[in-house]
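Each remark here refers to the structure printed beneath this line.
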Amino acid sequence: MIQPLTNRWQAENRMNHAIREALLVFRRWPALSVLSVTTIAFALFVASLYSLVVINLHRTLQSIEERVEIVVYLLRGTPVEVATVAVREIEAFPEVASALYVTAAEALRRAQAELVEFQGIFSEFETNPLPASLEVRLRPGFRGSDAVRTVAERLRAYNFAEDVQYGGEWVAKLDRLRNIGGIVGLLIGGAFAMASIIIIGTTIRMAVMQRAPEIAIMRLVGATDGFIRRPFLVEGCIKGALGGAAALGLCYAAFAAINAFLFQAQFFTTAQSALLVGVGTALGLLASATSVRKHLHRV
Amino acid sequence: MSKSFPSGTVALRDASFHVAKGEFVFLTGHSGAGKSTVLRLIYAEHLPTKGRVHVSGFSTDKLKRREISRLRRRLGIVFQDFRLLEDRSAEKNVAFALEVTGAKRSVIVPKVMRVLAQVGLTAKARNFPSELSGGELQRVAIARALVNDPFVLLADEPTGNLDERASRGVFRLIRDINANGTAVVMATHNLDLVREGGYRTIELEQGAIVFDSAVDEQVAS
Ligand SMILES: Nc1ncnc2c1ncn2[C@@H]1O[C@H](COP(=O)(O)OP(=O)(O)OP(=O)(O)O)[C@@H](O)[C@H]1O
Ligand SMILES: [Mg+2]
């Protein structure tokens, strides 16, 4: 009964020791410690800001894809009868969910309602500048850019079709934008991550060197490698977690600004936020583990 | 066992001996004879190039890194240069050896008090190393070596930095420790102490054992 209790005490004591020693490093090298935390924070801020953009772009793309519709603008003067016959034909396409005839008058009414700022301009026109159109929605499963293009080509064949527009190009363009943004974000984030690993490594090298006599004596009196290493690892974890939390804070500030001044965006979920702090902790642990491994055996 | 270094220096040549439980052994020999090397092999700072070292239940044959720390917790080691930490008091230096094993505070305090009393330094427990004499520093180092209840005390020229009086005091302390059942292996240049002690003596010359009083007395009789 006594043995397990003793073991637990020992484990707690070892952890307390590690945390105490780790905090000592913060007190001894405050500037370097702050620098470590800051670089981790920036690395994660850049990377997670990108993630935030990707999450929001993804959401937007999804909703665009859900509403993929092809609009056929009709030549001026196309008779209503021709349009309604075409609507019925188009609705019979296997890819098509619905087709709707929007008259020129209807288009103007919509434009006035939606673009409130330009109401004045619209009312000044003597004739309606907007064309009538057919709005074609596709069935789920036919919303990929290939399917959309095929249907669009068939619609273009109608001799009353002045122009055919569809969102596919925009989807593809946004997708490309997302990829480029992602690569840039990862590069910058990666550079900061490297810098933070180097700075944490430097701090640990200094701490190991400064404590070399102590470490030699620890070995002599039977401290395990793990015991000697632990304070340095704990220190790395603390820095990483602080950096992750700071990055989360910066992201939230950026998000709040975008939300207030630009558009409704979506923030990380709780799990994603926890992941961000977790990645920071892992980064700090990685940096300290590699550095302490390298420098301890020189003591 | 033998020990040679990558540089080509052969520090020990086929040196073989056994130390019984509770025994006191002097290691003597000129500078560079290999005394420190013998001690380093015992506390597994080095591994033998040839042969093996058995200490209690540990053997260098199959010694894993983790086991080195377990071995050292069962040994007490003192040096000529004391190797104390300057940034903490005598009692903190002694407690350090227990702290690194993860011992509980309530276990550490009485043990530290006990060994400091044993080496006669209770009154100076709060002094820092810079406030202690050489003889007192070595007593702190011995207290630190004793605090884990070792079965053997390894001493590498423990009186090397001390004057005559302090040397005798430290030697008397080590004898008392041995009298309480702890084996002692002590490397020394101080032949007065060797003569005075009347203990088993192993003499090394260029890494080889040239004299072992235990063996040679048997031969004589
Ligand atoms: N790490 C090492 N690398 C290379 N050679 C070494 C090393 N340690 C010891 N030696 C050599 O091994 C030989 C024995 O050294 P050791 O320290 O055991 O001598 P010693 O008997 O303790 O001498 P002293 O009385 O001066 O302390 C010496 O020639 C020394 O130069
Ligand atoms: Mg020596």
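Naming convention: chains lettered A, B, ... in sequence-line order (proteins, then strands); numbering from 1 in each chain.
Nearest heavy atom pair, residue B/Arg72 against residue A/Arg219, reads NH1-O, 3.1 Å. Contact between A/Thr224 and B/Ser69 at its shortest, heavy atoms only, is CG2-OG, 3.4 Å. Between A/Leu220 and B/Tyr43, the closest heavy-atom pair is CD1-CE1, 3.8 Å.
Within 6.0 Å of atom CZ in B/Arg172, 12 or fewer heavy atoms from other residues, nucleotides or ligands are found, so the atom counts as exposed in its surroundings. Environment of CZ in B/Phe151: crowded, with over 12 heavy atoms of neighbouring residues, nucleotides or ligands closer than 6.0 Å. Atom NE2 of B/His30 has 12 or fewer heavy atoms from other residues, nucleotides or ligands within 6.0 Å. Surrounding CD of B/Glu131 are more than 12 heavy atoms belonging to other residues, nucleotides or ligands, all under 6.0 Å away.
Partners of B/Thr60 under the side-chain contact (heavy atoms from CB on, under 4.5 Å) rule, at least two apart in sequence or in another chain, are B/Leu47, B/Pro48, B/Arg52, B/Val53. For B/Arg83, the side-chain contact (heavy atoms from CB on, under 4.5 Å) partners are A/Ile217, B/Phe79, B/Asp81, B/Arg144, not counting sequence neighbours.
The closest side-chain heavy-atom distance from B/Arg73 to A/Val221 is not below 4.5 Å.
Salt-bridge formation is detected for the pair A/Glu214/B/Arg88: a Lys NZ or Arg NE/NH1/NH2 atom is positioned less than 4.0 Å from an Asp or Glu carboxylate oxygen.
In this structure, chain A has a heavy atom under 4.5 Å from the backbone of B/Leu84, while its side chain stays farther away. In this structure, no portion of B/Glu86 lies under 4.5 Å from any heavy atom of chain A.
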